[in-house]
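What's counted below: heavy atoms across the whole structure, side chains too, no hydrogens, waters or symmetry copies. What you are looking at is a predicted structure, and each value in this text was computed from that prediction instead of being measured.
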Amino acid sequence: MDNMIYELFLSCFPDLAMGQETFFKLLDAENCEIFTHYENGRPVGFSAVHNNCIRLICVEPEFRGKGIGGKLLRKSEEAIAAGGSDLAVLGGNDSGLFIGAVTPEEQWNDMHCKFFEDHGYKASDGCIEMRTELSGYSDDSIPAYPSDVTFGYCPENKRKELLEAVYKVDEYWLEYFELGSPVFTAERDGKIVGFCIIDLNADTIINTDGKNIGMIGCVGVIPEARRNGIGLAMVAKAMSDIKGKGCDEVFIHYTRLDWWYKKLGFRTFLYYWFGRKKLK
Ligand SMILES: CC(C)(COP(=O)(O)OP(=O)(O)OC[C@H]1O[C@@H](n2cnc3c(N)ncnc32)[C@H](O)[C@@H]1OP(=O)(O)O)[C@@H](O)C(=O)NCCC(=O)NCCS
């Protein structure tokens, strides 16, 4: 069963060739209800449901267009309703794998996701995932930034000041800064003006065997210090730092700033549509 689900996942997402162990860990398969569809004794599709979230629905490419996805979706929704919820959510914020419905770029640009919309799902929002290789990376040619800005990891005795800066950028980010990951900062006149969370050897959807992935998240510059090149320079310096610590690639999770991260060489590789459906 495990192997079959993993193979089906790879047939649907060949560019995300994570190992089987990583796949099951990110899916949190132990806590998911799995529904499968067989054609002539062959497994060709499955869905995975966790509480009221449809974590994943996969139909092998050559079996698409025959209503199999619709059947799996119906079974998943029935399971969600039987569990006592009247709302089905695609992905889910707390998912380690997909946090929404993976959508083709053309549909995402107009905030559409045909398959799920045809089945009654609605969304008003989405995000993208970005990545870049570090092998040829160097921060030698980063755009200009004020010469009195310095970069480095946030020491423990500056935590209060750090949290004040985070609050100024996005109060809902405060909880992520309590998780204990190292924070890289930009300082001007001894004062924190920018920050980002660094996760080394992170378990992410771009993990493949033997690769170390670094994640840079919650990138912020306090409003009064913006548009000076500090944000880009800080991320560029953080990339150099994590390259030096053995990371092969950097993953930017949950963003919409493709035009900004592109300046540092990042490319978008996944488009999410945050769909949900009232079941009653
Ligand atoms: C995104 C953010 C970190 C950028 O920080 P910053 O220090 O202002 O960015 P920089 O000055 O380094 O940006 C440099 C480049 O981006 C451009 N830029 C930055 N903000 C821009 C804006 N709002 N509109 C247009 N261009 C902008 C600059 O013109 C410059 O372009 P150039 O290199 O072609 O001249 C900051 O705006 C922020 O904290 N936003 C809120 C938090 C957020 O959304 N973070 C991203 C989460 S993934």
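- With rounding to the nearest 0.5 angstrom, the CG atom of Asn109 is 10.5 Å from the OG1 atom of Thr103.
- Between Lys245 and Asp241 there is a salt bridge, since a side-chain N of the basic residue sits under 4.0 Å from a carboxylate O of the acidic one.
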For Tyr261 and Phe269, what are the C-alpha separation, side-chain angles and deciding distance, and is it a ring pair (Phe, Tyr, Trp, His ring centres under 6.0 Å)? CA-CA 13 Å; Tyr261 284 109; Phe269 69 96; over 10 Å; no

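- Ring-plane geometry between Tyr254 and Phe274 is classed as tilted, the angle between the planes lying from 30 to 60 degrees on a 0 to 90 degree scale.
- Residue Ile242 is grouped with residue Val235 when hydrophobic side chains (ILVMFWY) are merged at heavy-atom distances under 4.5 angstrom, including chains of intermediate members.
- With Glu117 as reference, His112 is the one residue of Lys122, Gln107, His112, Lys277 to meet the side-chain hydrogen bond (donor to acceptor under 3.5 Å, both in side chains) rule.
- The residues Lys158 and Glu187 are annotated as salt-bridged, a charged nitrogen and a carboxylate oxygen being separated by less than 4.0 angstrom.
- For the atom pair OG1 (Thr22) and CG (Leu97), the distance works out to 10.5 Å, reported to the nearest 0.5 Å.
- Looking only at distances, a side-chain donor or acceptor of Thr185 sits under 3.5 Å from a matching main-chain atom of Gly152.
- With hydrogens and angles ignored, the 3.5 Å screen pairs a side-chain donor or acceptor of Thr132 with a backbone N or O of Gly265.
- Distance alone, capped at 3.5 Å, is enough to place a donor-acceptor pair between the Asp170 side chain and the Tyr172 backbone.
- Between Met234 and Phe184, the shortest heavy-atom contact is O-CE2, 3.6 Å.
- A salt bridge does not link Glu164 to Lys168: none of the charged side-chain nitrogens sits closer than 4.0 Å to a carboxylate oxygen.
- Taking CD1 of Ile197 as the reference point, atom CG of Asp199 lies at 7.5 Å (rounded to 0.5 Å).
- In this structure, the side chains of Asn212 and Leu200 stay at 4.5 Å or more apart for every pair of heavy atoms.
- Ile213 is connected to Ile205 through a chain of hydrophobic side-chain contacts under 4.5 Å among Ile, Leu, Val, Met, Phe, Trp and Tyr, so both are in one cluster.
- Both Ile206 and Tyr272 belong to a single network of hydrophobic side chains, linked directly or stepwise wherever heavy atoms of I, L, V, M, F, W or Y lie under 4.5 Å apart.
- Across Leu26, Leu10, Thr208, a single residue satisfies side chain to side chain contact (heavy atoms under 4.5 Å, CB included) together with Met18, and that is Leu26.
- Taken from CG in Leu270 to CZ in Phe98, the straight-line distance is 5.5 Å, to the nearest 0.5 Å.
- Remark: the backbone N or O of Leu87 is paired with a side-chain donor or acceptor of Asn52 at under 3.5 angstrom.
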Apply side-chain contact (heavy atoms from CB on, under 4.5 Å) to the pair Glu105 and Thr268, showing each step before the final yes or no. CA-CA 10 Å; Glu105 182 181 358; Thr268 303; over 6 Å; no

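- Put simply, Ile128 and Phe251 are part of two different groups of oily side chains (I, L, V, M, F, W, Y) that touch within less than 4.5 Å, one to the next.
- Asp139 and Ser240 are linked by a side-chain donor-acceptor pair at a separation below 3.5 angstrom, with hydrogens and angles left out of the test.
- At least one donor-acceptor pair closer than 3.5 Å links the side chain of Asn207 to the backbone N or O of Thr204.
- Remark: side-chain polar atoms of Arg226 are not paired, donor with acceptor, to backbone N or O of Gly220 under 3.5 angstrom.
- A centroid separation of 6.0 Å or more is found between the aromatic rings of Phe195 and Tyr176.
- Side-chain N or O atoms of Lys211 include none that pairs as donor or acceptor with a backbone N or O of Asp248 at under 3.5 Å.
- With hydrophobic clusters built from ILVMFWY side chains whose heavy atoms lie under 4.5 angstrom apart, Ile99 shares a cluster with Met215.
- If you look at Phe23 and Phe13, their ring centroids are not closer than 6.0 Å.
- Between Asn3 and Gln20, the shortest heavy-atom distance links the atoms OD1-OE1, 3.2 Å.
- Side-chain atoms of Lys237 do not come within 3.5 Å of backbone N or O of Phe151 as any donor-acceptor pair.
- Residue Ile57 holds its CD1 atom at 10.0 Å from SG of Cys12, rounded to the nearest 0.5 Å.
- In this structure a side-chain-to-backbone donor-acceptor pair under 3.5 Å is missing from Trp273 to Gly100.
- Residues satisfying the ring pair (Phe, Tyr, Trp, His ring centres under 6.0 Å) test with Phe46, not counting sequence neighbours, are none.
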